[in-house]
Amino acid sequence: MKRGWRLYLLLIAALLVSCAIGLGIGAVHLSPGDLFAPGVGQLRLARVLLTVVVGAGLSVAGVIFQALLRNPLAEPYVLGASSGAGLAAAMVILMGWSVAGAWVLPGGAFVGSILTVALVYALARGSGGALPIHSLLLAGVVVGAVLSSLLMFVVSIAPPERVHNVMWWLLGNLQIFDWGLLRAATVLVVCGLGITILLARDLNLMTLGEESAAHLGLNVNQSRVLFFILASLITGAVVAAAGLIGFVGLIVPHSVRLAIGPDHRRLAPASALVGATFLVLADAFARTIMAPTEIPIGVVTACLGGPFFLFLLKRKRPV
Amino acid sequence: MLLIQGITAGYEKHIVLQDVSMNVAPGEFVGLLGPNGCGKTTLLRVISGILTPRSGQVILDGRNILTMTRRTWAQTAACLMQDMGMDTTFTVREVALLGRSPHLPRFGWESHHDHAIAQKAMEEADIAHLADRPVSAISGGERQRAFFAMCLAQGPRLLLLDEPVNHLDLGHQIQLLECVRRLNRQNKLTVVGVFHDLNLASEYCDRLLVLRNGRIEAAGTPGEVVTPELIDRVYGAKVVVEANAVSGRPHVVVAAGSH
Amino acid sequence: MKRIITLIFLVASVAMAVAVAVVLFHQTPAHPTTQPTALRIISLSPAMTEALYEMGLGDRLVGVSQACNYPPEATKLPQVGSLGMTNMETMLSLAPTMVVTTDFERDDTMQAIRSSGVQVVEGHIATIQQMFESFEKIGKLTGHPQQAATLVQKMKGDLAGIHARFAATPVERRPRVYLEVWHDPITTAGSQSFMDDVLAHAGGTNAAHEISRDYPIISPEKVIEWNPQVVVLCDETTRGRGLEIVRGRIGWERIDAVKNNRVIDDLSMDLLIRPGPRLTQGIRQLCERLYPTESGR
């Protein structure tokens with residue numbers, strides 16, 4: 001217990017330091033006094049806040065999906081949330097539907113991602129409410145593949161100058177211009193994270209398998225639906241606000257598990273903190289390395305995260 | 001302790017159990033036998049409340065299990081299955097503590113009391129010396145004892161076993177079943193177990209039930225049930241049944257070439 | 001992945017086979033380029049389509065791309081595909097002697113067309129000077145150098161007239177303009193882009209001129225720091241709501257262009273980004289918006 005508090009203090013300190021770095025550097029030089037002033041200061045503040053929310057959200061969604069599917073390769077997009085959101089976003093961008101307002105693109109991505117997961121869930125569900133994990137993974141892969149080819153089809157018939165915009169969206173984008181969107185994403189992710197932490201013990205039971213979890217007093221069907229909804233809402237919110245950012249939801253929960261063990265009551269909050277810290281640093285890098293040009297955040301997360309994860313894996317065997 | 005009345009159950013269109021009834025008294029050690037697909041494991045799933053029967057009812061400790069919450073069920077009974085938790089990295093102690101789940105408040109952590117119970121369970125399961133090792137890093141027999149400790153930490157009055165010693169070597173099989181028997185004798189723990197091995201069942205159980213095609217074919221003490229005729233009828237195998245030199249219980253011997 | 005590659009390969013080889021068959025059985029003239037009367041042009045470039053009509057070569061066009069929407073007669077011609085997605089079979093069935101291509105086309109498609117004996121004219125245009133050169137080049141290749149020279153002269157004259165509007169304003173006092181090519185993520189036009197040159201000819205200074213790229217994704221913070229006096233939105237879907245959109249962005253409300261209500265969202269992009277004969281119209285429109293009064297200031 002005591003050691004637990006020390007761990008959180010350490011992780012919170014790391015997050016604060018990374019936020020200080022994220023706020024301190026950027027395409028434009030800012031003195032500390034300008035940080036909270038209107039203008040560049042507020043814009044950067046909003047971006048760092050969004051990055052914290054997105055990093056935490058992706059990691060928690062990854063934690064939930066890995067526990068539910070009992071699959072170490074599960075990540076927030078495993079059930080097709082990414083391809084559903086991608087298709088919806090591409091339609092909005094290519095058809096010029098974003099005319100209707102700033103909320104059309106994030107809203108479309110959110111709806112696309114939630115609908116896809118719901119479809120995968122419905123397809124995988126056998127009669128009598130059984131939900132074999134391998135059917136779920138298979139349905140996720142197949143629906144994802146179909147939607148991805150539809151995305152490719154939409155892109156292939158689109159004017160080339162717009163294809164560029166879709167591609168960028170698919171690589172993740174943490175630029176934020178709207179406090180409302182930031183607020184909405186924050187509310188969804190914070191609520192999702194809170195409920196996950198409160199119910200984290202149920203995730204522990206789920207990792208033993210559904211039958212064992214039932215023997216230990218868990219109402220498996222109810223918990224499963226609840227966690228699916230939670231993880232999908234978090235993923236949807238994150239995708240709507242920032243597009244698709246790979247690797248975070250996969251490697252952060254893994255790395256944290258290697259360091260502190262599989263107890264979800266610690267794993268969920270610690271992954272949220274580590275994910276936020278990681279993404280803030282990765283974004284600071286993406287914003288400044290070629291400033292004022294920005295490089296895609298998805299590229300940075302993969303290039304920084306991949307080798308780090310392999311290093312952890314080599315050092316400590318069991319996953 | 002456990003009353004099973006007229007259970008018919010199955011999956012989708014396929015009926016597995018037909019009108020099965022049985023009665024288990026407190027402190028009894030009952031073994032379920034039968035060839036593959038006879039419905040042994042399905043019966044355990046019905047008793048667990050995981051599979052809802054088409055008709056009939058299961059009364060656990062005086063209450064119909066369909067009216068119980070999963071939590072109440074888990075406070076009364078526990079189930080040890082085969083090959084549990086192959087892919088978790090929980091330590092043995094954490095696994096034992098998971099057994100306290102049905103007793104913890106909804107959002108609470110384990111108290112000192114829960115830790116003490118888990119510690120005692122590990123000692124009873126003879127696994128306390130490995131308390132801080134991840135279960136993925138110990139042997140199969142040790143892992144089953146860790147999950148046995150988890151079941152004990154639940155503080156059950158009924159313990160269900162689903163072929164718990166499958167895939168274990170002989171030493172580990174006996175170690176685990178000795179543990180179960182000790183608790184059965186000392187703590188009056190009621191045990192209902194599915195067994196694959198006729199000799200182990202005959203050696204450890206007070207009473208045996210033999211299932212065939214979803215119906216109870218025979219029931220009684222090992223001496224009454226384990227006979228060459230029954231084994232031929234149920235398993236389609238000709239064997240010789242001798243008496244165990246130490247316990248006097250029936251012992252099945254395969255005689256090659258006697259067919 | 002492997003299967004996709006195989007499939008693409010298969011489709012491509014079938015396309016090649018068909019192309020070869022079409023060429024063989026179509027009996028293309030032995031020396032197409034030597035006989036001006038036999039000139040059959042496919043233009044994939046909307047800008048060059050306009051230029052060809054302007055030079056009186058409209059009746060030589062036998063095919064265009066879907067993007068060629070001007071003049072109206074051009075839309076009645078057979079279409080051979082969209083930008084970057086041309087159908088080789090359709091193209092070869094039109095028996096062209098010359099194909100005018102764009103930066104978007106695939107190299108292998110163009111190579112295949114070239115190797116079937118068709119003249120391929122490439123046009124990479126990053127400045128207005130290069131645009132004039134491309135007109136002169138196509139004029140020479142089609143035997144219409146005089147018409148090309150006339151077009152270039154006319155457009156240079158137009159530009160001179162536009163320059164007069166801001167000639168009195170010294171370079172450092174010309175309005176700083178931020179061009180927004182796309183908003184999610186923020187994309188602008190750097191010094192390597194055609195738009196940079198267009199802006200200079202309209203009397204503006206490109207805020208992003210310091211970036212030596214064509215269309216870079218940039219940090220939105222930088223736009224606040226540049227503090228442009230004019231914002232031009234190129235996404236025509238935001239027409240009429242530009243000021244509201246830009247003002248609503250966190251931190252952007254302090255930009256001069258927003259404070260002074262100088263967000264331009266209603267320019268016709270076909271006139272402004274297309275290196276064709278109507279470009280000077282687009283530049284004049286932009287210039288009039290940058291310098292609302294005749295003498296500058």
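Here is the naming used below: chain letters follow the sequence lines, and residue numbers restart at 1 for every chain.
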Look up atom CG in A/D178 and atom CD1 in C/I245, then write down how far apart they are to the nearest 0.5 Å. 11.0 Å
Do the side chains of A/L43 and C/I224 get nearer than 4.5 Å, heavy atoms only? yes
Below 4.5 Å, heavy-atom pairs only: which of C/A208, C/P220, C/G248, C/G81 has the largest tally toward chain A? C/P220
Ring pair (Phe, Tyr, Trp, His ring centres under 6.0 Å) partners of C/Y70, counting only residues at least two apart: none
Nearest 0.5 Å, please: how far is CD in A/Q42 from CZ in C/R254? 9.0 Å
Please check: side-chain N/O of A/Q175 versus main-chain N/O of C/I186, any donor-acceptor pairing under 3.5 Å? yes
Going by heavy atoms in the side chains, are A/R287 and C/S219 under 4.5 Å from each other? no
Test applied, side-chain contact (heavy atoms from CB on, under 4.5 Å); reference residue, A/P292; option that passes from C/I217, C/V223, C/I211: C/I211
Tell me, side chain or backbone of C/E253 under 4.5 Å from chain A's heavy atoms, or both, or neither? side chain
How would you list, by chain and number, every residue that makes a side chain to side chain contact (heavy atoms under 4.5 Å, CB included) with C/H201, sequence neighbours excluded? C/I128, C/L159, C/H163, C/D197, C/I283
Top of C/K222, C/R249, C/E221 for chain A proximity - count of heavy-atom pairs under 4.5 angstrom: C/E221
Against chain C, residues from residues 44-52 of chain A with at least one heavy atom under 4.5 Å, in numeric order, are A/R44, A/A46, A/R47
Holding to side chain to side chain contact (heavy atoms under 4.5 Å, CB included), I want the full list of residues that pass it with A/M290, two or more places apart in sequence or in another chain. A/T293, A/I295, C/R213
